[in-house]
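Remember, it's 1-based here, ligands and their atoms both numbered in the order they're listed.
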Amino acid sequence: MDLNTVSAYRAARSRDDLMLADGERILGGGTWLYSEPQIGTTGLVDLTTMGWPALERVGDGLRIAATCTIAELAQMPPEPTWRAHPLFFQAATALLASFKVWNVATVGGNVCRAFAAGAMVSLCTALDAEALVWTPDGGERRLPVADLVTGNGTTSLRDGEVLRALDIPGHALRARTAFRKIALAELGRSGAVVIGRVDEDGRAVFSVTAAVERPAVLRYDALPDAVRLAADVRSLDGYYSDPFGAADWRRHVSGVLAAQTREELAS
Ligand SMILES: Cc1cc2nc3c(=O)[nH]c(=O)nc-3n(C[C@H](O)[C@H](O)[C@H](O)COP(=O)(O)OP(=O)(O)OC[C@H]3O[C@@H](n4cnc5c(N)ncnc54)[C@H](O)[C@@H]3O)c2cc1C
């Protein structure tokens, strides 16, 4: 849709260009920004002209630029030691969107929009991704994506901060993973997404997203037994109701999906 309050557009090419004036807002892929009126926004600053490489190896991990598109991530060639690789495509399919959205929407835009059903939030949370945030004073800070997202549509980003990248550590990339998603309608927005992970040292991580208002991460020294996992998932805070599912349904199906991921990882 036309954003009729917006009268200025700037293509950012350096960090100085990311200093936002009053009324200016960062533009990622624009798929959400252009989907509804943005009252109070008078200018857009395009991040996609920063020229950041979409995907980079950093140490034994992976850096995903905030401007990497969901399609680029989903199509990343396999890496023999990265057993978690299938998760990139699986998580992308949890985004209710056509190929047109996949090709334009950025990973950073999905995380910063921070919907509970944010497919890239699910991926990043499951793989212990850290957000690299550029602060307006020229500095930077790092925090887990699970902490960056504070609610359904809210983040801890402060005015003028820009998400630069998402860093996934090597130990999570080398882990075995299992993915489950459910939605009320076949092509509907996710009602619950559960991702299980077992690291090389045997530690297990289960993340629950879409069903709860902010990402939930359960950590264990080893794969938990089914009873314990079910109890932990059931007792999470933040199950919520909206047109894509009732809170009690989300709580129940999260337990079922967690049991399935556990079984897959145990086999
Ligand atoms: C058809 C359709 C289906 C959708 N389905 C889903 C769905 O199933 N689940 C879901 O979670 N979402 C869904 N969305 C919304 C969705 O989150 C996005 O459209 C997409 O992920 C946003 O990415 P983008 O790059 O286009 O962000 P933009 O629209 O460009 O930006 C989104 C917000 O993030 C800010 N932003 C972007 N990048 C940065 C950055 N690097 N640093 C700081 N702030 C930044 C922008 O200022 C804006 O406030 C859907 C949207 C559409 C149009």
Test item: side-chain donor near acceptor, D16 and S14, under 3.5 Å | no
Report the distance from atom CG of L163 to atom CG of L166, rounding to the nearest 0.5 Å.
-> 5.0 Å
Ligand 1 and L33, any nitrogen or oxygen pair closer than 3.5 angstrom?
-> yes
Can you name the residues that form a salt bridge (Lys or Arg N to Asp or Glu O under 4.0 Å) with R25, not counting sequence neighbours?
-> none
Backbone or side chain, does any N or O of A119 fall under 3.5 Å from an N or O of ligand 1?
-> no
Sub-4.0 Å heavy-atom contact, S35 with ligand 1 = no
May I ask you to list the atoms of ligand 1 that are less than 4.0 angstrom from any heavy atom of L47?
-> 40 (C), 41 (N)
CA sep, side-chain torsions, deciding dist, call: D199, R176, salt bridge (Lys or Arg N to Asp or Glu O under 4.0 Å) | CA-CA 7 Å; D199 289 355; R176 289 186 300 124; over 6 Å; no
Atom 11 (O) of ligand 1: closest protein heavy atom, distance to 0.1 Å, is G118 CA, 3.1 Å
Could you note down all residue pairs passing salt bridge (Lys or Arg N to Asp or Glu O under 4.0 Å) where residues 226-236 supplies at least one of them, sequence neighbours left out?
-> R228-D232
Does the protein put any heavy atom within less than 4.0 Å of atom 51 (C) of ligand 1?
-> no
Show which atoms of ligand 1 fall inside a sub-4.0 Å distance from at least one heavy-atom site of A66.
-> 41 (N)
Any nitrogen or oxygen of L163, main chain or side chain, under 3.5 Å from a nitrogen or oxygen of ligand 1?
-> yes
Got an N/O contact under 3.5 Å between E161 and ligand 1?
-> no
So, are D237 and R214 salt-bridged, with charged N and O less than 4.0 Å apart?
-> no
T69 side chain to E72 side chain, donor-acceptor N/O pair below 3.5 angstrom | yes
Measure from atom 46 (C) of ligand 1 to every heavy atom in L157, L18, I26 and give the option owning the shortest one.
-> I26
Ligand 1 to V101 polar contact by distance, N or O atoms, under 3.5 Å | no
Would you call T106 and I70 a side-chain contact if the rule is heavy atoms closer than 4.5 Å?
-> no
Taking NZ, NE, NH1 and NH2 as the nitrogens, is one of them in R57 or E79 under 4.0 Å from a carboxylate oxygen of the other?
-> yes
Nearest protein heavy atom with distance in Å, relative to atom 22 (C) of ligand 1 = T31 OG1, 3.4 Å
Could you tell me whether some N/O pair between A117 and ligand 1 is separated by less than 3.5 angstrom?
-> yes
Ligand 1 versus T67, non-hydrogen atoms closer than 4.0 Å: side chain, backbone, both, neither?
-> neither
Backbone or side-chain N or O of G28 under 3.5 Å from ligand 1 N or O | yes
